Amino acid sequence: MEQDLSYFKNFGEQVEQRISKLDNFAQRNQPAYPPRVIRNHTAAEAIKMFEEAEAALPEDSEEKPQLSVEVAGRWVAVRIMGKSAFAHIEDGSGRLQIYLKKNELGTELYDVFKKDFDLGDFVAVQGYLFRTRTGEVTVQVDNYQLASKALHPLPEKWHGLKDVETRYRQRYLDLVANPEVRDIFRKRSRVISAMRKYLDGEGFLEVETPALQPIYGGAMARPFTTHHNALDMELFLRISDELYLKRLIVGGIDKVYEICKDFRNEGISTKHNPEFTMMECYWAYADYQDVMVLVENMIAFIAQEVLGTTKVVFNGQAVDLTPPWKRLNLAEGIKEQTGIDIFDTYPDVKALWAECQQRKLDVSPQPTWGKLVDELLGEYLEPTIVDPVFIHTFPLDISPLSKQSPDDPRVVERFEAFVAGMEIGNAYSELNDPIAQRRRFIDQQQTTDEEAHVMDDDYVIALMQGMPPTGGLGIGVDRVVMLLTDQQSIREVILFPHMRARE
RNA sequence: GAGCCGUUAGCUCAGCCGGUAGAGCAACUGCCUUUUAAGCAGUGGGUCGUGGGUUCGAGUCCCACACGGCUCACCA
């Protein structure tokens, strides 16, 4: 079976050496990539089994447990001392030391291990368990097989893999080399499990709604555009699932949620990936105040499930997630931080801008009063927040899907949840008046804003069918994971963050 | 999209005022039967991100480009 290996030989000296070892296996009639190997124990199971057997022996016993195991894993470290060698293999459960002795294995098996096996290879070993002089539970190997050959060497054992670009582009290397990275993604998985557990426990029904949408909506963002060939129609990747979930509220699913990817065609930063994970839930007969309680309880529950505490550290700062969280009126917060009473200028963006200029505030110009208020929030309120705060009562013009406040037409019943300088959630009492909703869509069209909501007639028609008073919520799942794993970059909590193509 | 910083062996990093490229780990060859960043002796391995330019001579200086990181802008 002559094969052209020139492609692989361009990867350098060490790859070439490993490829040449494939011949040695072939000549011994041993597959380098066997379809299966014997494996009856994980590394962790083997260790646990031995420890339990030890504990079962009488206190003063000289006996040692006699247990044989069949384990397999990636060979990650070795210490060869002439006629014997210690090595570590690693599987999904952890590391296990193995011990190979020439006089136990026989010359041939022992020499083959030294000669044709490399760090990074997967091996299956059979043997019996013992405890070394230093106390480590170890497999004394009496037989072994290659489970899968690695042609590329592992990253450095002590410093791990540091190069950020390689870590993201070849995440498998990052996971192999850096145990703390594996831990982040285990936690991520548990955060999402805990979130489901909480919502399911509260009686929410998990659903799936379209990612390909003929009309995008539910958020202020630019969409990705795509095309369906058979239907010859333009489609958008969802920027939010909000308008679909609320149709389900209309349909009588009173408590509903979805955890899914949203796609926003905007800049990439340490807090933004073009596709990100969002949890949205809608709760009939609840309002934004009820949703605040849900958020603080849910986040505290998740922290407790994943970390065993509601007190975390983020970026060197202690953050206490224990409910209840602080409630802060947006206008009052801005007044505290900047001295500006935003309602003095309502709804005149020019007057508010002049006010900002006069106070020499570091804000950029915005098309509307509401957007400028939001800018003030982002610049002067958000950075001051460490412990969680619900900032509530938002300008109406930047909240086209939220219900107007009954005692102030300028604002809506909406809040955003901030923790450690990050926005992690956005929620409101849902606008369920179809006439008002249509008006708000039309108002959005009047703005020149590229991110303005587009008219969604089907959604308005759904509201005409009647939607109960409803509280809705969106939680940035990646942000929650960042918070609970103390990661300052969203790329550290996304397995394959978006990267520019090379060459 | 803008500013700043980075890109040297498989990995982690040195490389001064411009003078033929270095270390540790990994690899290879020996020695070594309880080690765990094992140890000892020796050897090989480089398009210095890419392309131009300056210069007798460029990893080093200049310009452009690529990719990445951070900050900013937009957003969750």
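All values derive from a computational prediction rather than experimental measurement.
Two residues are said to be in side-chain contact when any heavy atoms from C-beta on lie closer than 4.5 Å; A:Arg196 and A:Tyr198 fail this criterion.
For the pair A:Ile490 CD1 and B:U71 P, the computed distance is 13 Å after rounding to whole Å. Regarding A:Leu483, its CG atom lies at a distance of 18 Å from the P atom of B:A76, rounded to whole Å. Rounded to whole angstrom, the span from the CD atom of A:Glu492 across to the P atom of B:G68 amounts to 15 Å. The interatomic distance linking A:Lys162 (NZ) with B:G10 (P) rounds to 18 Å, in whole Å. Residue A:Asn10 contributes atom CG, which lies 15 Å from atom C1' of B:G46 at whole-angstrom precision. In this structure, A:Asp174 atom CG and B:G69 atom C1' are separated by 15 Å, rounded to whole Å. In this structure, A:His88 atom NE2 and B:A37 atom C1' are separated by 12 Å, rounded to whole Å. Whole-Å rounding puts the A:Phe130 CZ to B:U34 C1' distance at 7 Å.
Both A:Glu266 and A:Ser84 lie near RNA chain B, and the one whose nearest nucleotide falls closer to the 5' end is A:Ser84. The residue among A:Thr166 and A:Thr132 whose nearest nucleotide of RNA chain B is located toward the 5' end is A:Thr166.
For the C1' atoms, the distance linking B:G1 with B:U60 amounts to 32 Å, nearest Å. Taking the C1' atoms as reference points, B:G59 lies 12 Å from B:U7, given to the whole Å. With C1' as the reference atom, B:G45 and B:C61 are 30 Å apart, rounded to whole Å. Between B:G52 and B:G57, the two P atoms lie 16 Å apart (nearest whole Å). Atom name C1', nucleotides B:G22 and B:G15: the rounded distance is 7 Å, in whole Å. Separation of the C1' atoms belonging to B:A58 and B:A21 is 13 Å when rounded to the nearest angstrom. Nucleotides B:C48 and B:U8, compared at atom P, are 11 Å apart to the nearest Å. Across B:G69 and B:A64, the matching P atoms stand 22 Å from one another, rounded to whole Å.
Comparing B:U33, B:U34, B:U12 by their closest approach to the side chain of A:Asn103 singles out B:U33.
Applying the 90° criterion around 0 to the glycosidic angle, B:C17 comes out syn.
Counting non-hydrogen atoms under 4.0 angstrom, A:Met499 reaches the backbone sugars and phosphates but no base. Contact annotation for A:Arg169: backbone-only contact, meaning every heavy-atom pair under 4.0 Å involves sugar-phosphate atoms and none involves a base. In this structure, A:Gln488 reaches neither bases nor backbone, as no heavy-atom distance under 4.0 Å exists between it and the strands shown. Using a 4.0 Å heavy-atom distance criterion, A:Tyr168 is classed as a sugar-phosphate-only contact. Residue contacts shown for A:Gln140 are absent, as no nucleic acid heavy atom lies under 4.0 Å away. Residue A:Asn178 is out of contact with every strand shown, counting any heavy-atom pair closer than 4.0 Å. Within the nucleic acid shown, A:Arg491 comes within 4.0 Å of sugar-phosphate atoms alone, with no base atom in reach, counting heavy atoms only. When heavy atoms are screened at a 4.0 angstrom cut-off, A:Asp262 is found touching no nucleic acid atom at all. The residue A:Gly474 sits apart from the nucleic acid: no heavy atom pair falls under 4.0 Å. Nucleic acid contact class of A:Glu416 (heavy atoms, under 4.0 Å, all strands): none. Note on A:Phe263: nothing from the nucleic acid sits closer than 4.0 angstrom, heavy atoms only. A:Gln366 comes within contact range of the sugar-phosphate backbone alone, with a heavy-atom separation under 4.0 Å but no base atom that close.
Side-chain nitrogen and oxygen atoms of A:Ser364 include at least one within less than 4.0 Å of the OP1 or OP2 phosphate oxygen of B:C74. Between B:U71 and A:Thr270, a contact under 4.0 Å exists linking OP1 or OP2 to a side-chain N or O. Of the side-chain N and O atoms in A:Arg79, none sit less than 4.0 angstrom from OP1 or OP2 of B:U35. Applying the 4.0 Å criterion to OP1 and OP2 of B:G68, one finds that A:Arg500 has a side-chain N or O inside that range.
Donor-acceptor pairing under 3.5 Å is recorded for the side chains of A:His88 and A:Glu136. A donor atom on one side chain and an acceptor atom on the other are not found under 3.5 Å apart for A:Lys101 and A:Tyr110.
With a cut-off of 3.5 Å on both Watson-Crick or G-U wobble distances, the partner of B:U35 is given as none. Base pairing annotation: B:C4 forms a Watson-Crick or G-U wobble pair with B:G69, both donor-acceptor distances under 3.5 Å. Pairing partner, B:A58: none, since no Watson-Crick or wobble contact has both distances short of 3.5 Å. When both pairing distances are held under 3.5 Å, B:G30 makes a Watson-Crick or G-U pair with B:C40. Nucleotide B:G22 is matched to B:C13 when pairs are restricted to Watson-Crick or G-U wobble geometry with both distances under 3.5 angstrom.
Between A:Phe224 and A:Phe263, the ring planes lie perpendicular to each other; the angle is over 60°, past the 30° to 60° tilted range.
Of the charged side-chain nitrogens involved, at least one lies within less than 4.0 Å of a carboxylate oxygen, so that A:Glu258 and A:Arg238 count as a salt-bridged pair. Salt bridge status for A:Arg188 with A:Glu492: absent, with no side-chain N to carboxylate O gap under 4.0 Å.
We find that the ring of A:Phe86 and the base of B:A38 do not stack by the test of centres under 5.5 angstrom and planes tilted less than 30°.
To the nearest 0.5 Å, atoms CG (A:Leu243) and CD (A:Glu430) are separated by 9.0 Å. One finds the CD1 atom of A:Ile302 at 9.5 Å from the CD1 atom of A:Ile192 (value rounded to the nearest 0.5 Å).
Cation-pi contact between A:Arg171 and A:Phe496: absent, since separation from the ring centre below 6.0 Å together with deviation from the ring axis within 45° is not met. Geometric assessment of A:Arg28 against the ring of A:Phe25 yields a positive cation-pi assignment under the 6.0 Å and 45° thresholds.
The salt bridge (Lys or Arg N to Asp or Glu O under 4.0 Å) contacts involving residues 273-282 of chain A comprise A:Lys261-A:Glu275, where partners must be two or more places apart or lie in separate chains.
Between the base of B:U35 and the side chain of A:Gln97 there is a donor-acceptor pair shorter than 3.5 Å.
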Under 4.0 Å protein heavy-atom contact, by nucleotide of nucleotides 25-31 of chain B - B base, S sugar-phosphate only: BBSS---
